[in-house]
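So the structure is just underneath, and the comments pick up after that.
Residue numbers start from 1 in every chain, and the chains themselves are labelled A, B, ... in the order their sequence lines are given, proteins ahead of strands. Model, not experiment: these values are computed from the prediction.
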Amino acid sequence: MYRYDEFDAAIVRTRVEEFRDQVERRVSGELTEEQFRPLRLMNGVYLQLHAYMLRVAVPYGELSSTQMRKLAHIARTYDKGYGHFTTRQNIQFNWPTLVDIPKILDELAEVEMHAIQTSGNCIRNVTSDPYAGVAGDEVDDPRPWAEILRQWSTFHPEFTYLPRKFKIAISGGAEDRAAVRFHDIGLRVVRGEGGDIGFRVWVGGGMGRTPRVGREVRSFVPAADLMSYLEAILRVYNLYGRRDNKYKARIKILVDELGLARFIDEVEAEWQKSRASATPLPEEEIARIRAYFAPPPLASLQDNPAELAAARKADPAFDLWIKTNVFSHKVPGYAAVTVSLKPIGGIPGDVTADQMDMIADLADRFSQGQLRATKEQNLVLPYVRQDQLAALWRALDMQNLATANRGLVSDMIACPGLDYCALANARSIPIAQEISNRFADLRRQHDIGSLSLNISGCINACGHHHVGNIGILGVDKRGEEAYQLVLGGDAGEGDAAIGQITGPGFSAEGIVDATEKAVAVYLANRRDADESFIETYRRIGMAPFKEALYDAR
Amino acid sequence: MTTQIVTANRLHDGLVVFRVGESWTQSLSEAQTYTPEEAAALVARIEAEEKTQVVGVYAVEIDDAKVPTKGRERIRALGPTVRPDISKQVEA
């Protein structure tokens with residue numbers, strides 16, 4: 001877990017006081033809305049459809065139970081009793097008043113949290129693998145590197161006014177669980193020829209109206225040079241990135257326009273120039289930050305204890321949950337557990353204050369007080385003893401947090417859509433709820449198997465529809481909500497792909513039927529139960545899906 | 001001839017409000033109705049005079065039942081459709 005040093009604590013407190021003053025000056029009329037808007041955005045405050053929205057940074061998704069309790073307290077005291085976990089591992093509150101926000105930021109600062117750089121044209125909260133430090137396939141724990149990036153990017157004076165927002169993701173495992181190729185910069189921890197730690201780097205990935213798979217710019221950057229190399233990328237972007245057109249301002253467009261080879265040349269030239277005078281990351285500093293992420297004291301245990309096997313045998317519902325919501329841990333006898341924020345028919349990512357308190361208590365009881373937020377809008381308890389899984393499951397189930405659906409069709413990513421968002425063209429949440437209800441039978445979902453279904457309420461793609469195996473995009477069709485169906489997307493680095501639109505769109509009711517038809521085509525065509533939806537799609541292509549969706553119409 | 005109401009977000013808490021007389025209400029049913037010309041003039045006057053009360057002032061077309069004709073504006077006026085417990089959707 002990261003720790004604030006005296007500088008972190010001081011800058012966060014100073015920023016809260018600065019924002020309090022700005023709010024007071026806005027309310028008194030000293031600042032106009034035009035002057036105030038960029039200031040509030042720098043502090044994570046949006047004005048949405050119904051009210052202000054505050055986006056709180058959860059650094060690379062890592063949360064303590066104390067922080068979770070504070071979020072529950074904020075939801076209860078300053079909001080309408082709930083929060084919403086986002087695809088960027090952050091949490092949003094939908095109803096804070098402007099005049100309360102400085103108080104909320106004070107409360108957050110008490111637990112080493114803030115809303116700095118959760119909006120605006122700056123480097124946003126760095127995202128990572130929710131199983132960091134847990135997964136057995138890890139080259140190295142990505143969190144110390146994410147923390148180094150966080151410290152470097154926070155209030156970086158050169159990168160506070162970029163052409164557009166800038167998102168960095170870092171993955172440390174053999175499997176990419178951070179969608180690194182859909183970020184402005186994607187990093188994977190790798191080992192060089194001599195066994196040294198370094199980074200493979202992609203640039204210009206992203207979703208939105210111009211989806212792009214990130215392009216590799218370097219296969220290996222030595223760890224000590226991480227900052228100077230990223231600075232070179234950002235300098236090239238800051239210099240050449242377009243500022244005349246918001247829709248062409250992301251780095252992905254710059255890479256398109258310069259061409260990858262020229263972009264790389266520019267970055268290399270800048271790096272060679274700046275690298276000589278840059279301070280390499282000091283070994284002792286890396287070691288100091290690494291120590292923050294040392295695993296908690298764990299017992300010496302064996303995998304698959306007798307209690308677990310007996311409980312699985314005794315209760316099929318528990319067995320089903322173990323199959324999907326439990327991730328194997330590199331430490332024998334432990335497991336990482338996904339707390340599903342996708343109950344059947346629920347609102348993806350929403351969690352009530354009471355549930356937050358409960359989850360914090362369970363993190364203390366079962367997971368060393370630690371939690372993670374995931375880009376799939378769930379939570380993870382990263383250090384659960386396998387012999388305590390049944391007790392944890394029962395406790396989660398009492399709060400409707402034990403739906404056995406991680407990675408299945410009802411584990412949907414959905415943006416807030418037109419129910420909350422000022423930018424949206426169509427609602428996302430009711431579609432997610434309808435699909436969830438349609439596939440309510442968990443045994444059927446388990447039979448369908450691994451399937452990502454992502455829903456966005458507009459082309460900005462906050463619901464990651466481009467990378468869903470099945471994606472749904474809400475559009476405005478002559479004043480009516482309509483939905484396009486997209487197939488074949490994949491967020492993982494190795495198979496990264498942008499989904500292809502099936503054809504004409506569907507009504508709100510029609511899209512649920514269309515989704516079910518797409519699933520039926522998969523079931524009818526899969527070689528066996530081990531071939532996933534995306535594997536079948538890649539093998540048979542779009543045609544059978546189009547036929548089923550449109551020919552009978 | 002379309003009928004309009006005038007809406008904004010209240011500065012201090014961000015909540016959606018509707019113009020009635022020289023004041024604001026959170027209730028759509030209490031909103032005053034205007035012709036498009038009246039609404040345009042009112043929006044301009046509010047933008048000039050009420051900068052510390054509201055932000056994002058604009059006129060919205062309504063139907064005979066005094067409900068916004070556009071889906072987005074209906075949701076904005078009545079609250080999230082997925083949370084009847086905290087929205088005003090029941091009013092519609």
Closest non-hydrogen contact found for B:R76 with A:H50 is O-ND1, 3.5 Å
Do A:Q433 and B:V82 come close enough that some side-chain heavy atom pair is under 4.5 Å? yes
Does NZ or CZ of B:R83 fall inside the cone over A:Y420's six-membered ring, less than 6.0 Å from its centre and within 45° of the axis? no
Chain A heavy atoms under 4.5 Å from B:V16: which part of the residue, side chain, backbone, both or neither? both
CD of A:E480: more than 12 outside heavy atoms within 6.0 angstrom? no
Could you check if a side-chain atom of B:T52 sits within less than 4.5 angstrom of a side-chain atom of A:S28, using non-hydrogen atoms only? no
Atom pair NZ (B:K51) and CG (A:L31), whose distance is rounded to the nearest 0.5 Å: 12.5 Å
Within the 4.5 Å heavy-atom criterion, are A:L98 and B:D13 side-chain neighbours or not? no
Measure the spacing between CZ of A:R427 and CD1 of B:I75 and express it to the nearest 0.5 Å. 4.5 Å
Are the side chains of A:Y52 and B:L11 in contact, using a 4.5 Å heavy-atom criterion? yes
If we only count heavy atoms from C-beta on, is the A:L49 to B:R72 side-chain gap below 4.5 Å? yes
Check whether A:Y46 gets within reach of chain B through its side chain, its backbone, both or neither, counting any heavy atom under 4.5 Å. neither
Would one find more than 12 heavy atoms of other residues, nucleotides or ligands at under 6.0 Å from atom NZ of B:K66? yes
Residue selection (most heavy-atom pairs with chain B, distance under 4.5 Å) from A:P96, A:G29, A:A422: A:A422
Counting heavy-atom pairs closer than 4.5 Å to chain B, which one of A:E33, A:R26, A:M53, A:E481 comes out on top? A:R26
Below 4.5 Å, heavy atoms only, C-beta onward: do A:R37 and B:V55 meet side chain to side chain? no
Chain B heavy atoms under 4.5 Å from A:L418: which part of the residue, side chain, backbone, both or neither? both
